[in-house]
**Student:** 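Before anything else, here's the structure in question.
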Amino acid sequence: MLSEESAATVRATLPVVSEHLDTITARFYDGMLGEHPELLDGLFNRANQASGDQRRALAASIAGFATTLLDNPDERPDTLLSRIAHKHVSLGVTEDQYVIVHKYLFQGIAETLGEAATPEVVAAWDEVYWLMAGALIAIEARLYHENGSTGHDVWRPWRVTGRAQQTPDTVSLDLEPQDGDAAPVFRAGQYVSVQVRLSDGVRQARQYSLTGWDGRRRRITVKRLRAGETPAGEVSTLLHDSASPGDTYMVSTPAGDVTVPDGDHPIVLVSAGIGCTPMVAMLHHLAETGSTRPVLVLHADHGPEEHPHRDETAVLVGNLPGATSHTWYENSDDGDHRGFMDLSEVDVPEGAEVFLCGPLPFMSGVRSQFLDAGVPPRHIHYEVFGPDMWLGAA
């Protein structure tokens, strides 16, 4: 909870700070990565740096956290914090790095606000920062402990043992720990970070959902991101085009807070494109545990030839007595429906918990449909591949 004095200062300055947060975070990253370029080698995603997505996501998280402290001083935005903490854990972020972030973030604040960055203003926002950082450090420490990790040992070498083409742009890779030790436990719906060394020698990490498992084997599914409105994906292209049995990559411990829930209440798994991957994992878990709970699986894609794990999903749904599925194909009549996902064409189970994964515009539109259908916001969860530019506010 903010002190009374800091709360008053933050409330008075939140509009101007929010207005300049994009500039503040841009200067923050420029300063930090300019003096610590090694952070781009294996930790920060340089594609998200180039696009500005990372700084915009950081700005939104700071503004969201500060707003919650003012509007609900006795509550903590655990959903926001958990999402950030899990991503940090998948990359091996440690407590000491928050000190580095603090230095350059407040340097950016001073440079941007100028004379408006009085000692009182800086002290109040310093309190906001350390409340947020302290909460994240505590959550991350718990997650590291649960994973049997210290935070400095999240990366292990894993060997590719199998490869299967899912669609022309999507490939599944089977991985096993190279050291022969047991694979870490995980929850269905979680992801791992995979670190590769690119042609210029820089290491980059990206997150991929675990879509299958057997003993020590873990499977990920990678979609090659082609150039279009954004540049081609560096890591996804390399893995799609060249990853082969015998290759070794550094893989992190599993992370992610969007996982299949316990209980017998209905669940709805909603995806578009490669967003089907955490849903496939949840279906495998439900099948393995002999679940009879009601499960509604909804997927949208351009066409059947671009639908990853299509046949596998159909088999899993068929093996679950309480499961039904619907597909929407934009350019084909080979699905259950043609066009975009429309919930008026299905029966949403009463009391359902909903899980979304796919492009942000898709999730935003479908989330609105679920809200209109009477599903409470707290029962709708989502997974984002990349910086969270949405924060569930759509």
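Along the sequence shown, residues are numbered consecutively beginning with 1. What you see is a predicted model, and the numbers here were worked out from it, not measured in a lab.
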**Student:** Look at atom CG of Asp347 and say whether more than 12 heavy atoms of other residues, nucleotides or ligands are closer to it than 6.0 Å.
**Tutor:**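 Atom CG in Asp347 is not crowded, with 12 or fewer foreign heavy atoms closer than 6.0 Å.
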**Student:** Nearest 0.5 angstrom please: Glu35 CD to Leu33 CG, how far?
**Tutor:** 10.5 Å
**Student:** So, Trp213 versus Phe186, ring centres under 6.0 angstrom or not?
**Tutor:**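 Yes, close enough.
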**Student:** So, do Leu81 and Phe65 sit near enough that their side-chain heavy atoms are less than 4.5 Å apart?
**Tutor:**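 SC-SC contact between Leu81 and Phe65 confirmed.
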**Student:** Just wondering, are more than 12 heavy atoms of other shown residues or ligands nearer than 6.0 Å to CD in Gln178?
**Tutor:**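 Atom CD in Gln178 is crowded, with more than 12 foreign heavy atoms closer than 6.0 Å.
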**Student:** I'd like to know if the side chain of Thr167 and the backbone of Glu306 have a donor-acceptor N/O pair within less than 3.5 Å.
**Tutor:**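 It does not hold such a pair.
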**Student:** Determine the minimum heavy-atom distance between Gly151 and Thr94, stating which atoms define it.
**Tutor:** O-CG2, 3.5 Å
**Student:** Assess, by modelled atom type and distance only, whether the side chains of His86 and Tyr191 contain a donor and an acceptor separated by less than 3.5 Å.
**Tutor:** no
**Student:** Look at the side chain of His285 and the backbone N and O of Ala281, then say whether any donor-acceptor pair between them is shorter than 3.5 Å.
**Tutor:**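 No; judged by distance alone, with no hydrogens or angles, the pair does not exist.
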**Student:** Side chains of Glu330 and His302: is there a donor and an acceptor less than 3.5 Å apart?
**Tutor:**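 Glu330 vs His302: donor-acceptor pair found between side chains.
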**Student:** Spell out, as yes or no, whether a donor-acceptor pair under 3.5 Å connects the side chain of Thr313 to the backbone of His309.
**Tutor:** yes
**Student:** Could you tell me whether Asp174 and Arg217 make a salt bridge, using a distance below 4.0 angstrom between a side-chain N and a carboxylate O?
**Tutor:** yes
**Student:** Test side-chain contact (heavy atoms from CB on, under 4.5 Å) on Thr253 and Tyr144 and set out the steps.
**Tutor:** CA-CA 9 Å; Thr253 57; Tyr144 284 134; 5.5 Å; no
**Student:** Side-chain donor-acceptor pair under 3.5 Å between Thr237 and Asp241, yes or no?
**Tutor:**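 No donor-acceptor contact under 3.5 Å links the two side chains.
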**Student:** For a quick test of reading the model, state the closest non-hydrogen atom pair linking Arg216 to Gly180 and the distance between them.
**Tutor:** NH1-CA, 3.6 Å
**Student:** Check whether Arg218 reaches the backbone of Val192 with its side chain - one donor and one acceptor, N or O, closer than 3.5 Å.
**Tutor:** no
**Student:** Drop me the distance from Gln195's CD to Arg156's CZ, to the nearest 0.5 angstrom.
**Tutor:**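 One gets 15.0 Å once the value is rounded to the nearest 0.5 Å.
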**Student:** Considering residues, nucleotides and ligands other than Glu4, do more than 12 of their heavy atoms fall under 6.0 Å from its CD?
**Tutor:**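 Atom CD in Glu4 is not packed in, count stays at 12 or less.
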**Student:** Pairing donors with acceptors under 3.5 angstrom, does anything connect the side chains of Ser6 and Trp125?
**Tutor:** no
**Student:** Just by distance, do the side chain of Arg293 and the backbone of His265 share a donor-acceptor pair under 3.5 Å?
**Tutor:** yes
**Student:** Measuring centre to centre across the rings, with the benzene-like ring taken for any Trp, is Tyr129 within less than 6.0 Å of His102?
**Tutor:** yes
**Student:** Any ion pair linking Asp53 and Arg56 (charged N to carboxylate O, less than 4.0 Å)?
**Tutor:** yes
**Student:** Looking only at side-chain N and O atoms, does His88 offer a donor or acceptor that is under 3.5 Å from a partner on Gln97?
**Tutor:** no
**Student:** Quick one: pull up OG in Ser90 and CD in Glu140 and give me the separation to the nearest 0.5 Å.
**Tutor:**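 If I round to the nearest 0.5 Å, the distance is 10.0 Å.
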**Student:** Checking side-chain contact (heavy atoms from CB on, under 4.5 Å) for the pair Tyr29/Leu58: CA distance, chi angles, key distance, verdict?
**Tutor:** CA-CA 10 Å; Tyr29 281 117; Leu58 174 61; 3.7 Å; yes
**Student:** Taking all non-hydrogen atoms of both residues into account, name the closest pair between Tyr382 and Met363 and its distance.
**Tutor:**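 In this case the closest contact between Tyr382 and Met363 is CB-SD, 3.8 Å.
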**Student:** Just checking Asp264: does its CG atom have more than 12 heavy atoms from other residues, nucleotides or ligands closer to it than 6.0 angstrom?
**Tutor:** no
**Student:** Using modelled atom types and a 3.5 Å cut-off, is there a donor and acceptor pairing between side-chain atoms of Glu127 and backbone atoms of Ser3?
**Tutor:**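 The answer is yes, because a donor-acceptor pair under 3.5 Å joins these two groups.
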**Student:** Checking side-chain polar atoms at under 3.5 Å, does Thr79 have a donor or acceptor matched by the opposite partner on Ser82?
**Tutor:**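 On atom types as modelled, these side chains do not qualify, holding no pair under 3.5 Å.
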**Student:** Would you say the rings of His337 and Tyr329 are close, in the sense that their centroids are separated by under 6.0 Å?
**Tutor:** no
**Student:** What class does the angle between the rings of His299 and His307 fall in, given that below 30° is parallel, 30 to 60° is tilted and above 60° is perpendicular?
**Tutor:** parallel
**Student:** Identify which one of Gln207, Gln54, Glu234, Arg206 satisfies the side-chain hydrogen bond (donor to acceptor under 3.5 Å, both in side chains) criterion when paired with Asn45.
**Tutor:** Arg206
**Student:** Test your reading of the model: is there a side-chain donor-acceptor pair from Asp301 to the backbone of Gly303, 3.5 Å cut-off?
**Tutor:** no
**Student:** Any chance you could lay out the side-chain contact (heavy atoms from CB on, under 4.5 Å) test for His326 and Met341, step after step, and finish with the verdict?
**Tutor:** CA-CA 9 Å; His326 291 262; Met341 187 174 292; over 6 Å; no
**Student:** Has Gln190 got a side-chain atom pairing as donor or acceptor with Arg187's backbone, closer than 3.5 angstrom?
**Tutor:** yes
**Student:** Can Val268 and Leu356 be said to form a side-chain contact (heavy atoms from CB on, under 4.5 Å), step by step?
**Tutor:** CA-CA 9 Å; Val268 184; Leu356 308 176; over 6 Å; no
**Student:** Considering all heavy atoms of both residues, which atom of Pro377 and which atom of Leu371 are nearest to each other, and what is their separation?
**Tutor:**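 Minimum heavy-atom separation between Pro377 and Leu371: CG-CD2, 3.7 Å.
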**Student:** Do Thr221 and Thr211 pair up side chain to side chain, a donor and an acceptor below 3.5 Å, judged on atom types alone?
**Tutor:** yes
**Student:** May I ask whether Val185 and Val154 are part of the same hydrophobic cluster, defined by side-chain heavy atoms of I, L, V, M, F, W, Y residues being less than 4.5 angstrom apart, directly or through others?
**Tutor:**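 No, Val185 and Val154 fall in different hydrophobic clusters.
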**Student:** Have Ser172 and Arg163 got a donor and an acceptor in their side chains that come within less than 3.5 Å?
**Tutor:** no
**Student:** Check this for me, if you would: do Asp247 and Arg159 make a salt bridge, where the nitrogen-to-carboxylate-oxygen distance has to be below 4.0 angstrom?
**Tutor:**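 Looking at Arg159 together with Asp247, the answer is no, because their closest N to O distance does not fall below 4.0 Å.
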**Student:** State, to 0.1 Å, how close Gly42 and Ala205 come at their nearest heavy-atom pair, and which atoms those are.
**Tutor:** O-CB, 4.1 Å
**Student:** Work out which heavy atom in Ser244 is nearest to a heavy atom in Val160; give both atom names and the distance.
**Tutor:**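 Closest pair (atom of Ser244, atom of Val160, distance): O-CB, 3.4 Å.
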**Student:** Got a donor-acceptor contact below 3.5 angstrom from the Ser291 side chain to the Leu286 backbone?
**Tutor:** no
**Student:** For Gly108, does its backbone N or O pair with a side-chain atom of Thr112 as donor and acceptor, under 3.5 Å?
**Tutor:** yes
**Student:** Is the closest basic N to carboxylate O distance between Asp200 and Arg46 below 4.0 Å?
**Tutor:**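 Between Arg46 and Asp200 there is a salt bridge, with a charged N closer than 4.0 Å to a carboxylate O.
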**Student:** Any chain of hydrophobic side-chain contacts (each under 4.5 Å) joining Ile84 to Ile139?
**Tutor:**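 The answer is yes; both residues are in one hydrophobic cluster.
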**Student:** Would you find more than 12 non-hydrogen atoms of other residues, nucleotides or ligands less than 6.0 Å from Glu38 atom CD?
**Tutor:**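 Check passes, neighbour count above 12.
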**Student:** Any ion pair linking Lys223 and Asp169 (charged N to carboxylate O, less than 4.0 Å)?
**Tutor:** no
**Student:** List the steps and the verdict of ring-ring contact (aromatic ring centres under 6.0 Å, His included) for Phe370 and His379.
**Tutor:** CA-CA 10 Å; Phe370 277 108; His379 288 173; over 10 Å; no
**Student:** Roughly how far apart are Gln49 CD and Leu39 CG, rounded to 0.5 Å?
**Tutor:**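 Answer for the CD-CG pair, Gln49 versus Leu39, is 10.0 Å.
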